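See below for the structure under consideration.
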Amino acid sequence: MGDPVARLASDVGALAGVHVELERPADAAHGDYATSVALRLAGEWRRQPREVAGEIADGVRGLDGVAGVEVAGPGFLNVTVADDWLAVGVAAILDAGSSFGGGSARAPERVQVEMVSANPTGPITVAAARNGAYGDSVARVLAFAGHTVEREYYYNDAGAQMERFRESVAAVRRGEEPPEDGYHGAYLAELAALDGDPVPHMLARIEASLERFRIHFDTWERQSEFEAEVGEALPLLDTYEADGATWARTTAYGDDKDRVLVRSNGEPTYFGADAAYIRRKLAGGFDRLVYVLGADHHGYVSRLQALAEMLGRPREAVEVLIYQLVHLTRGGEATKMSKRRGDVVFLDDFLDEIGVDAARWHLVSRGHDQAIEIDVDLAAEKANTNPVYYVQYAHARIAGILRHAEGADPGTVLRGDLADEERDLVKRLLELPEVAAVAAERRAPHGVPTYAIRVADDFHRFYHHHKVVGSEQQAFRLALCTATKVVIARCLDLIGVEAPERM
RNA sequence: GCGCCCGUAGCUCAGUGGACAGAGCGGCGGACUUCUAAUCCGCGGGUCGGAGGUUCGAAUCCUCCCGGGCGCACCA
């Protein structure tokens with residue numbers, strides 16, 4: 001088993017007879033790991049918590065690698081592990097290498113993550129970039145947990161908005177101003193200079209921006225293709241005719257009103273295309289369809305899940321991840337964004353300003369339920385104090401140490417006691433499996449950068465206090481550095497940030 | 001009116017039942033004959049929006065209230 005902490009927890013759990021989770025106490029006086037299992041068990045067993053804790057403690061004392069056990073406070077069980085146990089933990093990280101902390105999924109699924117999916121009427125904006133930064137990190141975290149993940153971009157290539165877009169480009173080509181309700185902005189002139197339908201050109205540009213942002217899509221799907229399949233999907237759904245239109249009875253599946261699939265003029269609605277789209281995705285063998293949508297789309301959740309149910313799947317087969325919106329300010333003043341007016345901040349400009357690493361870190365390091373505010377004027381300035389550099393610097397420092405060691409062998413046999421800074425760092429590294437598992441289960445990748453800061457913090461402190469190359473503990477410290485490098489590189493990869501060898 | 005999300009340090013935010021609530025930034029003061037000072041150490045700073053409730057224990061769960069964001073189309 002590649003997770004020493006999980007193994008210890010399960011050993012303690014076997015003694016207690018229930019599932020046990022170990023946490024790391026904030027106060028060093030409370031040992032290396034602690035559990036409140038006795039407090040929870042006391043009521044069930046109808047006995048005093050401390051008595052229950054004492055009984056479990058007797059068993060824990062005999063476990064391999066446990067150096068001490070204490071019953072504290074109302075009935076906490078505080079466990080101190082031996083230095084050797086920690087050394088074995090470092091060995092476990094080195095053995096697992098880049099797979100350390102992965103594979104937490106109990107039942108691996110085939111998952112499709114559909115994200116960004118902005119209509120190709122203009123370049124990718126910073127607002128859409130949050131969708132991508134979040135969605136791509138969710139995809140990475142799911143893949144690391146053991147799921148098979150595909151990323152898809154679904155775009156509208158027909159309909160009123162797209163016609164307005166095409167007309168705007170056509171107007172510029174004729175040397176006229178785009179229509180009042182059309183699209184404006186410098187990028188229109190660039191598209192007008194190219195031949196043919198501007199939509200494929202716009203898409204190519206969008207793809208290039210997203211690749212630069214380190215998001216790669218496996219598939220690109222067009223809405224018009226599914227509009228043609230609505231007729232095939234209708235018989236599979238719960239529908240009825242009213243006012244000349246075809247409706248889906250979504251209220252029978254948890255929605256607050258029924259939805260039109262085919263308009264009275266015979267044209268399918270956007271929702272109608274969605275139905276055909278979901279049908280094909282589910283038929284294509286996906287166990288789970290993840291949609292990454294902004295908070296302004298939260299009303300869609302129940303209707304999309306209603307479609308899943310009509311198609312004979314559990315509603316959880318369609319999982320909609322809602323993230324709160326990005327608010328842009330300029331010198332403290334809110335700026336309303338509208339692609340049509342051309343009053344937006346494009347991802348490429350943002351990346352020119354602060355770089356891909358700082359941008360990804362900034363957009364994914366807050367909880368997705370939290371609205372983000374970005375002051376465009378301060379963004380570049382703030383980029384210098386972005387914690388991403390703190391974490392990357394730790395990685396580069398380790399690379400420097402390893403270069404300096406010139407290939408000396410690492411080892412996990414100890415020559416003396418571990419220092420506090422070494423113990424703290426090892427325990428921190430051993431948290432990765434839990435951090436990665438939680439990020440995947442909750443679809444909450446922001447826990448990863450938070451954890452990465454802690455790792456860098458513990459490493460920088462260790463570095464400051466202890467010499468690696470030439471020390472008594474050189475072999476172990478080289479192993480510890482290598483393990484730390486593996487963990488930091490993994491964290492950064494999970495959020496699409498590079499791990500530099502030098503800075 | 002109905003629905004979803006959010007109110008934690010001066011600012012930006014972690015913390016989805018456990019031991020005195022944390023980090024980064026900003027402020028003040030220290031540390032480079034050294035494997036990278038993009039670092040480290042110290043100081044200051046909080047009625048966890050408010051009121052009830054559940055619990056041995058609540059920032060965390062429930063109810064109500066206040067404040068903010070978003071949404072309620074035969075638009076996409």
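Residue numbering restarts at 1 for every chain, and letters A, B, ... go by the order of the sequence lines. Just so you know, these numbers use all the heavy atoms, side chains as well, and skip hydrogens, waters and symmetry mates. Model, not experiment: these values are computed from the prediction.
- Here B:C5 presents its C1' atom at 6 Å from CG of A:Asp369, a figure rounded to the nearest Å.
- In this model, no side-chain donor or acceptor of A:Thr269 finds a partner on the base of B:C74 within 3.5 Å.
- The CD1-C1' distance, from A:Ile372 to B:C6, rounds to 13 Å in whole Å.
- Residue contacts for A:Leu402: at a heavy-atom cut-off of 4.0 Å it reaches no nucleic acid atom on any strand shown.
- With B:C4, B:C40, B:C6 as the choices, the nucleotide that has an atom nearest any side-chain atom of A:His298 turns out to be B:C4.
- Look at B:U60: it lacks any Watson-Crick or wobble partner with both distances under 3.5 angstrom.
- Using a 4.0 Å heavy-atom cutoff across all strands shown, A:Ala295 reaches sugar-phosphate atoms only and no base atom.
- Contact of the A:His460 side chain with the A:Tyr390 side chain is registered, since non-hydrogen atoms from C-beta on lie closer than 4.5 Å.
- Contacts classified as side chain to side chain donor-acceptor pair (under 3.5 Å) and involving residues 426-447 of chain A (residues at least two apart or in different chains) are given here: A:Arg24-A:Glu431, A:Asp32-A:Lys427, A:Glu319-A:Arg443, A:Arg428-A:Glu431, A:Arg428-A:Asp458.
- For A:His327 against B:G69, no side-chain N or O and base N or O form a donor-acceptor pair under 3.5 Å.
- Within 4.0 Å (heavy atoms only), A:His460 reaches sugar-phosphate atoms of the nucleic acid but no base atom.
- Using a 4.0 Å heavy-atom distance criterion, A:Gln392 is classed as making no nucleic acid contact.
- Comparing B:C6 with B:G15, their C1' atoms are spaced 15 Å from each other, to the whole Å.
- Contact annotation for A:Arg454: backbone-only contact, meaning every heavy-atom pair under 4.0 Å involves sugar-phosphate atoms and none involves a base.
- A:His297 comes within 4.0 angstrom of a nucleotide base, judged by non-hydrogen atoms across all strands.
- At a cut-off of 3.5 Å, with distance as the only test, a side-chain donor of A:Glu227 or A:Gln223 sits close to an acceptor on the other residue.
- Base contact: A:Asp27 has a heavy atom under 4.0 Å from a base atom.
- Looking at which nucleotide of RNA chain B each of A:Ala72 and A:Val469 is closest to, the 5′-most match is held by A:Ala72.
- Residue contacts for A:Ala396: at a heavy-atom cut-off of 4.0 Å it reaches a base atom on one of the strands shown.
- In this structure, the ring of A:His395 has its center no less than 6.0 angstrom from the ring center of A:Phe459.
- Of the C1' atoms belonging to B:C48 and B:C4, the separation is 23 Å, rounded to the nearest Å.
- Between A:Asp256 atom CG and B:C2 atom P there is a gap of 13 Å when expressed in whole angstrom units.
- Heavy-atom nearest nucleotides on RNA chain B were determined for A:Asp243 and for A:Ala371, and the one closer to the 5' end corresponds to A:Ala371.
- Of the residues listed (A:Phe271, A:Tyr270, A:Tyr155, A:Phe226), the one engaging A:Tyr277 in a ring pair (Phe, Tyr, Trp, His ring centres under 6.0 Å) is A:Phe226, and it is the only one.
- Remark: B:G1 base-pairs with B:C72; criterion is Watson-Crick or G-U wobble with both hydrogen-bond distances under 3.5 Å.
- Counting only heavy atoms from C-beta on, A:His30 has its side chain closest to B:C20 among B:C20, B:C74, B:C13.
- Nucleotides B:U8 and B:A58 place their C1' atoms 14 Å apart, quoted to the nearest Å.
- Of the C1' atoms belonging to B:G45 and B:G22, the separation is 13 Å, rounded to the nearest Å.
- Using atom P as the reference point in both B:A21 and B:U63, the two lie 27 Å apart (nearest Å).
- Regarding A:Ile488, its CD1 atom lies at a distance of 13 Å from the P atom of B:U39, rounded to whole Å.
- Across all strands shown, B:C40 forms a Watson-Crick or G-U wobble pair, both distances under 3.5 Å, with B:G30.
- For the pair A:Glu21 CD and B:U16 C1', the computed distance is 12 Å after rounding to whole Å.
- Within 3.5 Å, no donor on the side chain of A:Asn386 pairs with an acceptor on the base of B:A38, nor the reverse.
- Using a 4.0 Å heavy-atom cutoff across all strands shown, A:Thr385 reaches sugar-phosphate atoms only and no base atom.
- Taking atom CG of A:Leu304 as the reference point, atom P of B:C4 lies 17 Å away to the nearest angstrom.
- Taking the side chain of A:Arg263 as heavy atoms from C-beta on, and the options B:C40, B:C74, B:U39, the nearest nucleotide is B:C74.
- To the nearest angstrom, C1' of B:C13 lies 15 Å from NE2 of A:His368.
- Pair check for B:A23 finds B:U12; Watson-Crick or G-U wobble, both atom distances under 3.5 Å.
- Counting atom types as modelled, A:Arg442 pairs a side-chain N or O with a base atom of B:U16 as donor and acceptor under 3.5 Å.
- Within the 4.0 angstrom heavy-atom criterion, base atoms lie near A:Ser36.
- Looking at heavy-atom distances under 4.0 Å, A:Ala394 makes no contact with the nucleic acid at all.
- The listed nucleotides are B:C70, B:C40, B:C74; the one nearest the side chain of A:Asp457 is B:C40.
- A:Arg461 comes within 4.0 angstrom of sugar-phosphate atoms only, judged by non-hydrogen atoms across all strands, and of no base.
- Listed here is the closest heavy atom pair of A:Ala245 and A:Ser264: CB-N, 3.9 Å.
- Of the listed nucleotides (B:A38, B:C13, B:A19), B:A38 has the atom at the smallest distance from the side chain of A:Tyr389.
- Considering only heavy atoms from C-beta on, A:Val71 stays 4.5 Å or farther from A:Phe76 through its side chain.
- Rounded to a whole Å, the CD atom of A:Gln370 is 12 Å from the C1' atom of B:G68.
- Within the 4.0 angstrom heavy-atom criterion, only backbone atoms of the sugar-phosphate kind lie near A:Tyr390; the bases stay farther away.
- Under 4.0 Å is where a charged nitrogen must lie from a carboxylate oxygen, and between A:Arg164 and A:Glu167 no such pair does.
- Nucleotides B:C11 and B:G17 place their C1' atoms 30 Å apart, quoted to the nearest Å.
- Nucleotides B:C5 and B:C40 are separated by 38 Å at their P atoms, to the nearest Å.
- Considering only the side chain of A:Asp296, B:C70 comes nearest among B:G18, B:A73, B:C70.
- In this structure, A:Gly244 reaches neither bases nor backbone, as no heavy-atom distance under 4.0 Å exists between it and the strands shown.
- Contacts of A:Ala129 classified as side chain to side chain contact (heavy atoms under 4.5 Å, CB included), with partners at least two apart in sequence or in another chain: A:Phe213, A:Leu347, A:Leu363.
- When Watson-Crick and G-U wobble pairs are counted only if both distances are under 3.5 Å, B:G17 pairs with no nucleotide at all.
- Taking atom P on both B:G3 and B:C41, the two are 49 Å apart, rounded to the nearest angstrom.
- In textbook terms, a nucleotide whose glycosidic angle is within 90° of 0 is syn, while B:C62, being further out, is anti.
- Using a 3.5 Å distance cut-off with no hydrogens or angles, the side chains of A:Glu421 and A:His466 do pair a donor with an acceptor.
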